Amino acid sequence: MTDDQWFQSAVVYQVYPRSFQDCDGDGIGDVPGIVSRLDYLQQLGIDVLWLSPIYTSPQDDNGYDISDYQEIDPVFGTLVDVDELIAKAHARGIRIVMDLVVNHTSDEHPWFVESRSSKDNPKRDWYWWRPPRDGHEAGQRGAEPTNCESFFSGPTWELDEATGEYYLHLFSRKQPDLNWENPEVREAVYAMMRWWLDRGIDGFRMDVINMISKVTDLPDGQPIPGRAPLGNGHPFFLCGPRNHEFLQEMHREVFEGRADKLLTVGEMPGVTVEEAVLFTDPERHEVDMVFQFEHVQLDVREHKWDRVDVDLRDLKASLAHWQNGLAERGWNSLYWNNHDQPRAVSRFGSDDPAHRVAAAKLLGTVLHLHRGTPYVYQGEELGMTNVPFASAADFLDIESVNYHAAAVAAGEDPEVVLANLRLGSRDNARSPMQWDLTDHAGFTTGTPWAAVNPNYTDINAASAVADQDSVFHHYRRLIALRHDEPAVVHGTYQLLAPSHETLYAFTRTHEGTELLVLANFSGDEVAIDDAVPDLASWEGAPLLLGNLSPEVPTTAPLRGWEARVLKR
Ligand code: NOJ
């Protein structure tokens with residue numbers, strides 16, 4: 001492996017700074033808080049730390065609405081704190097990856113303030129401005145230039161009263177979309193990226209980077225059943241016509257010629273395997289890997305808020321499709337959790353106290369034994385669960401708040417809406433990190449901005465670190481295994497028993513080493529002889545890693561939520 005591919009044997013840990021560790025007592029996590037927990041991260045063994053946005057922001061979408069890319073929001077700290085974080089992380093061999101949010105800015109960013117100031121402002125064209133729809137007056141119902149629906153409910157257009165035109169926002173009305181067709185916009189973004197790299201960071205996680213190129217005449221979308229006249233604009237702004245061109249240009253302008261190979265990962269809702277091969281083929285110089293969404297949409301029907309249980313057969317088929325699709329060219333990222341997803345142990349495993357620890361370890365085992373770069377989201381290594389929200393008033397996230405308002409206004413049953421929120425809300429992932437048994441779980445000495453999950457008395461880092469059988473130590477072993485065992489990094493992948501309803505089984509093979517991964521996604525015992533064609537030949541193969549004790553023969557039936565990795 002050349003040094004350029006260091007990210008293939010690396011594990012990334014995502015910090016959501018607002019909820020990680022507060023140092024100054026204001027109830028919001030901060031950069032000094034992250035510095036204070038570097039020993040913990042080093043003990044876990046991670047290679048890279050990805051920080052969700054800490055830049056100056058009105059915090060309409062918790063920092064994904066940026067008003068100054070080159071300053072730190074005072075709630076999180078200062079540039080001096082960030083320099084200290086970079087230095088102290090590097091001293092521990094941990095690289096730092098920053099979030100890059102350049103599909104949109106905040107409406108309070110000076111670029112947008114200028115752009116909206118008049119129709120002939122030189123920055124007018126830095127955003128997407130359009131007059132009202134033909135035959136309509138500004139502000140009238142249906143006057144939006146197109147019918148497309150925003151990701152945060154309602155239309156993607158907001159009227160600017162002063163100039164009588166609408167601006168495009170795929171997310172909240174405080175997140176106007178930048179117009180990447182304009183070369184000045186691109187150059188301003190690249191200059192900002194170079195500035196951060198010169199400061200010593202090691203790469204970028206690129207927020208919705210497959211939305212930067214749009215079909216420029218912005219047509220109407222197909223009306224969405226149940227929400228018409230709102231329409232689906234995805235075909236016009238996901239993986240648009242110039243997406244590859246823009247990323248290649250970014251590579252040339254920002255990354256080429258730098259002494260160290262950096263890590264780039266593009267978040268890409270709706271990306272297909274075929275597109276991902278192009279985005280991640282090293283010879284095309286676009287990004288190292290993408291975050292795809294297929295496996296986290298299997299439990300979603302027409303609408304993000306309309307959820308069903310995940311069928312394990314679909315999950316296996318989806319992940320295998322991506323493993324095989326990127327096997328020859330490209331590279332996968334691997335994740336169950338992030339700040340936008342409900343907690344995986346509640347969603348794909350079991351948060352029943354009788355099974356939670358085993359299920360959390362099983363999920364980690366399955367994911368980390370796939371081929372790709374694994375991402376661990378803060379608290380995942382403790383098996384943190386969804387939050388028991390009591391009422392609609394407990395939800396803080398703009399996506400949840402807007403959905404609740406729109407659904408209730410449309411006459412949906414508030415109890416159903418609340419149930420949907422409990423399952424799907426991003427607030428599940430954003431409750432404070434559970435450090436110890438002190439007040440507010442050791443997250444803050446003040447009043448936490450979001451409620452601490454009351455289960456912190458059972459689930460917290462202090463007790464997990466002290467217990468060699470904890471989820472934490474299992475993750476630590478998984479990370480070490482990736483560093484030590486080339487078959488985990490490079491092995492070819494073969495899914496076994498694709499139609500088994502509860503067993504997830506696959507092999508990884510590399511230069512004479514074969515790994516067999518077995519995982520029982522149920523509380524009931526499951527036999528494996530039918531699933532593994534040559535099971536007898538695995539008899540006596542050592543157990544590389546398991547999640548249950550006491551140990552039983554490696555080819556015995558799997559107990560409820562048991563996972564095993566065998567090597568020969
Ligand atoms: C994806 C981010 O992960 C999410 O948190 C954010 O709301 C949207 N992009 C908009 O930036």
Side-chain angles (χ1 to χ4, degrees), residues 12-20 29 50-67 69 73 76 97-109 112 127-128 148-154 156 158 167-178 180 189 204-212 214 233-234 237-239 243 264-271 287 289-293 296-297 300 304-305 333 335-344 375 377-378 380 395-403 421 424-431 449-450:
V12 183
Y13 186 93
Q14 182 192 354
V15 162
Y16 194 64
R18 165 175 285 276
S19 303
F20 192 62
W50 149 31
L51 305 187
S52 279
I54 50 174
Y55 318 96
T56 311
S57 162
Q59 304 291 331
D60 187 53
D61 184 19
N62 287 1
Y64 283 90
D65 49 315
I66 297 168
S67 55
Y69 289 109
D73 195 287
F76 296 124
V97 161
M98 299 283 275
D99 224 301
L100 178 79
V101 188
V102 290
N103 173 67
H104 43 268
T105 65
S106 163
D107 65 338
E108 297 179 35
H109 193 292
F112 187 76
Y127 295 83
W128 297 83
C148 294
E149 186 189 41
S150 132
F151 287 101
F152 290 165
S153 304
T156 51
E158 183 72 8
Y167 64 85
L168 179 75
H169 59 89
L170 300 186
F171 294 90
S172 94
R173 62 179 59 136
K174 287 186 67 63
Q175 292 168 299
D177 280 55
L178 279 166
W180 275 67
V189 168
F204 293 102
R205 174 270 187 187
M206 304 177 181
D207 191 67
V208 293
I209 204 70
N210 68 330
M211 300 189 194
I212 56 177
K214 285 133 174 119
H234 295 187
F237 52 71
L238 296 184
C239 300
N243 209 166
T264 55
V265 50
E267 188 208 23
M268 299 199 177
V271 70
V287 288
M289 58 195 126
V290 304
F291 288 133
Q292 57 93 6
F293 282 68
V296 290
Q297 272 162 356
V300 172
K304 138 141 202 176
W305 301 104
S333 68
Y335 73 96
W336 293 129
N337 292 279
N338 60 41
H339 63 292
D340 294 332
Q341 301 293 331
R343 289 283 179 182
Y375 287 72
Y377 177 65
Q378 65 182 44
E380 176 181 341
F395 293 91
L396 304 175
D397 174 33
I398 183 164
E399 182 193 44
S400 297
V401 171
N402 287 3
Y403 158 65
L421 282 168
S425 174
R426 309 194 296 185
D427 285 316
N428 280 303
R430 300 176 179 188
S431 66
W449 74 276

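Given the structure is predicted, the values throughout are model-derived calculations rather than measurements. The figures here come from the full heavy-atom set of this structure, side chains too, leaving out hydrogens, waters and symmetry mates. One-based numbering, in listed order, for ligands and for the atoms of each.
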If we set the cut-off at 4.0 Å for heavy atoms, which region of R205 has an atom near ligand 1: side chain, backbone, both, or neither?
side chain
Result for side-chain contact (heavy atoms from CB on, under 4.5 Å) between Q14 and one of H339, R205, Q378 points to H339
So which heavy atom in the protein is nearest atom 6 (C) of ligand 1, and how far is it from that ligand atom?
D61 OD2, 3.3 Å
Proximity flag E399 to ligand 1, non-hydrogen atoms under 4.0 Å:
no
State, with a plain yes or no, whether a side-chain heavy atom of P58 is found less than 4.5 Å away from one of S67.
yes
Does ligand 1 have a heavy atom under 4.0 Å from the side chain of F152, from its backbone, from both, or from neither?
side chain
Would you mind running through ligand 1 and noting each atom that sits below 4.0 Å from a heavy atom of H104?
10 (C), 11 (O)
heavy-atom search around atom 9 (N) of ligand 1 in the protein gives D207 OD1, 2.9 Å
Ligand 1 contact by M211, heavy-atom criterion under 4.0 angstrom
no
Between D73 and R18, does any side-chain N to carboxylate O distance fall below 4.0 Å?
no
How far is atom 3 (O) of ligand 1 from its nearest protein heavy atom, and which residue and atom is that?
D340 OD2, 2.5 Å
Nearest non-hydrogen protein atom to atom 8 (C) of ligand 1, with distance, is F171 CE2, 3.8 Å
Of all the heavy-atom pairs spanning M268 and N210, show the shortest one and how long it is.
CA-OD1, 3.2 Å
